[in-house]
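The next block holds one structure in the form of structure tokens; read it before the comments.
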Amino acid sequence: MRRSPALRAAVLTLVLAVLVGGVYLISRSLLPHAPSSAEPPSATESPVPAGVQLTTGTAQVALTFNDGPDPTWTPLVLKTLRQQHVKATFCLLGKNAAAYPALVRAIVADGHTLCNHTWNEDLDLGNRPRLDIEGNLLRTSQAIHAAAPQAPIRYFRQPGGNWTPQLVDVAEDLGMTGLHWAVDPRDWEEPAAAAIIATVTADTRAGSIVLLHDGGGDRQNTATALATFLPDLLSRFQLEALPVDAPGTGQSSLPSPARQPGGQPQGAAATG
């Protein structure tokens with residue numbers, strides 16, 4: 001049967017549409033995928049709320065050490081800092097301060113600054129009820145002060161940098177400034193000393209807060225790296241402990257028993 005010109009034109013149009021559509025779909029499959037704006041942000045992104053300190057605010061560089069005190073690694077770190085005449089800031093876990101009070105006193109005796117790092121490195125502390133957060137921080141500060149009663153605790157660092165506005169508020173109410181960092185060699189993953197050295201020496205700028213660890217795992221590579229990169233940093237920057245009279249912080253003395261979460265007496269256990 002002979003088709004009319006109109007029918008032939010319609011069939012041709014349909015065939016062309018199918019071909020064009022197929023080419024488009026094939027080309028889309030070959031191009032890299034670009035996430036749509038509706039996709040959630042990466043789980044590794046952790047916004048830092050207002051009120052958390054990211055730099056020293058001066059040209060000075062601050063070395064900070066997390067997760068101590070540790071009976072093996074903290075003495076090595078202290079020895080190296082002492083040899084190079086460097087003061088640093090130690091972010092202490094409450095459970096470790098309670099277990100090794102002599103090391104807390106050694107840190108203070110060497111002139112370093114203390115920082116509250118929660119009782120037991122609770123990564124999810126910021127999502128807990130306010131009273132739980134307050135209890136955790138108080139318990140940690142109490143353990144530190146049991147070892148060194150007169151030592152100021154002007155800073156609080158949330159494990160993992162998992163900040164929430166509520167964490168910042170509670171810390172401020174207890175006289176502490178939230179403390180983050182600008183340089184992270186990820187030494188908590190126990191990389192080679194050379195990798196730690198490369199990151200610290202390349203990324204440190206005037207005003208940087210450098211994140212390191214003297215506890216929480218095998219920190220031999222961190223101790224080795226510290227002894228190597230300190231001379232380089234000292235040739236370029238002034239290294240100092242963070243000041244205990246930091247702007248925006250108040251007295252670090254513990255609240256009276258009436259202010260304990262839930263009316264608990266001082267020294268009561270807290271979650272986390």
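The shown structure was predicted, so the numbers you read here are calculated from the model rather than taken from an experiment. Computed from heavy atoms alone, side chains included, the values below leave out hydrogens, waters and symmetry copies.
T113 contributes no side-chain N or O that, together with a main-chain N or O of A241, makes up a donor-acceptor pair within less than 3.5 Å. Of the possible donor and acceptor atoms, none in the side chain of H180 sits under 3.5 Å from a partner among the backbone N and O of L54. In this structure, the side chain of T204 does not engage the main chain of T201 through any donor-acceptor pair within 3.5 Å. Judged purely by atom type and a 3.5 angstrom limit, E121 has no side-chain atom pairing as donor or acceptor with the backbone of D67. In this structure, Y155 contributes its side chain and F90 its backbone to no donor-acceptor pair below 3.5 Å. Judged purely by atom type and a 3.5 angstrom limit, N221 uses its side chain to pair as donor or acceptor with the backbone of P191. Side-chain N or O atoms of N120 include none that pairs as donor or acceptor with a backbone N or O of D122 at under 3.5 Å. No donor-acceptor pair under 3.5 Å is formed between the side chain of T55 and the backbone N or O of S208. Under the 3.5 Å distance criterion, the side-chain polar atoms of Q166 are matched with a main-chain donor or acceptor of R128. A distance-only check finds no donor-acceptor pair linking the side chain of D184 to the backbone of L211 [under 3.5 Å].
Both L234 and L78 are members of a single hydrophobic cluster when ILVMFWY side chains are connected at heavy-atom separations under 4.5 Å. Taken together through direct or relayed side-chain contacts under 4.5 Å among Ile, Leu, Val, Met, Phe, Trp and Tyr, V170 and L93 form parts of separate hydrophobic clusters. When hydrophobic clusters are built by joining Ile, Leu, Val, Met, Phe, Trp and Tyr residues whose side-chain heavy atoms come closer than 4.5 Å, directly or via intermediates, V108 is grouped together with F65. Linking ILVMFWY residues whenever their side-chain heavy atoms come closer than 4.5 Å, directly or via other members, leaves L103 and L226 in distinct clusters.
Residue pairs meeting the salt bridge (charged side-chain N to carboxylate O under 4.0 Å, His left out) criterion with at least one member in residues 72-90, sequence neighbours excluded: R82-D110.
Atom CZ of R130 and atom CG of D169 lie 6.0 Å apart (nearest 0.5 Å). The distance from the CD1 atom of I153 to the NE2 atom of H145 is 3.5 Å, given to the nearest 0.5 Å. Residue T89 holds its OG1 atom at 9.0 Å from NE2 of H112, rounded to the nearest 0.5 Å. Atom CG of L137 sits about 6.0 Å away from atom CG of L174, to the nearest 0.5 Å. The distance from atom CG of L212 to atom CG of D187, rounded to the nearest 0.5 Å, is 5.0 Å. Distance CD1/I197 to OG1/T222: 10.5 Å, rounded to 0.5 Å.
Heavy atoms only, all atoms of each residue included: L76 and Q220 are closest at CD1-OE1, 4.4 Å. The heavy-atom pair separating I107 from P69 by the smallest distance is CD1-CB, 4.4 Å. Residue W73 comes nearest to G217 through the heavy atom pair NE1-O, 3.0 Å, listed as atom of the first residue, atom of the second, then distance. Annotation for A151 and L114: closest pair CB-CD1, 3.6 Å, computed over non-hydrogen atoms. Scanning both residues, A206 and F237, for their nearest heavy atoms gives N-CE2, 3.5 Å. Residues N116 and S141 approach most closely at ND2-OG, 3.0 Å, considering heavy atoms.
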| message | Set out, in order, the CA-CA distance, both residues' side-chain angles and the distance that settles side chain to side chain contact (heavy atoms under 4.5 Å, CB included) for V86 and L233, then state yes or no. | response | CA-CA 11 Å; V86 171; L233 293 188; over 6 Å; no

| said: Applying side chain to side chain contact (heavy atoms under 4.5 Å, CB included) to H117 and L92, what does each step give before you reach the verdict? | reply: CA-CA 5 Å; H117 193 42; L92 308 181; 5.7 Å; no

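Side-chain atoms of D214 and R219, non-hydrogen and from C-beta on, never get closer than 4.5 Å to each other. For the pair T56/Q238, no side-chain contact is recorded, criterion being any heavy-atom separation below 4.5 Å from C-beta on. Taking 4.5 Å as the limit, some side-chain heavy atom of L167 sits within range of a side-chain heavy atom of I133. Q53 has its side chain within reach of L242: a pair of non-hydrogen atoms, C-beta onward, lies under 4.5 Å apart. In this structure, the side chains of D124 and N162 stay at 4.5 Å or more apart for every pair of heavy atoms. A heavy-atom distance below 4.5 Å is not found between the side chains of N96 and V104. R157 is listed as a side-chain neighbour of W181, based on a closest heavy-atom distance under 4.5 Å. No side-chain heavy atom of V183 sits under 4.5 Å from any side-chain heavy atom of V61.
Using a 30° and 60° split on the angle between ring planes, F156 and W163 fall in the perpendicular class, above 60°.
Heavy atoms from other residues, nucleotides or ligands lying under 6.0 Å from CD of E189 number more than 12.
Remark: the N136 side chain and the T118 side chain contain no N/O donor-acceptor pair separated by less than 3.5 Å.
Tested against N66, the residues C91, P159, C115 include a single side-chain contact (heavy atoms from CB on, under 4.5 Å) partner, C91.
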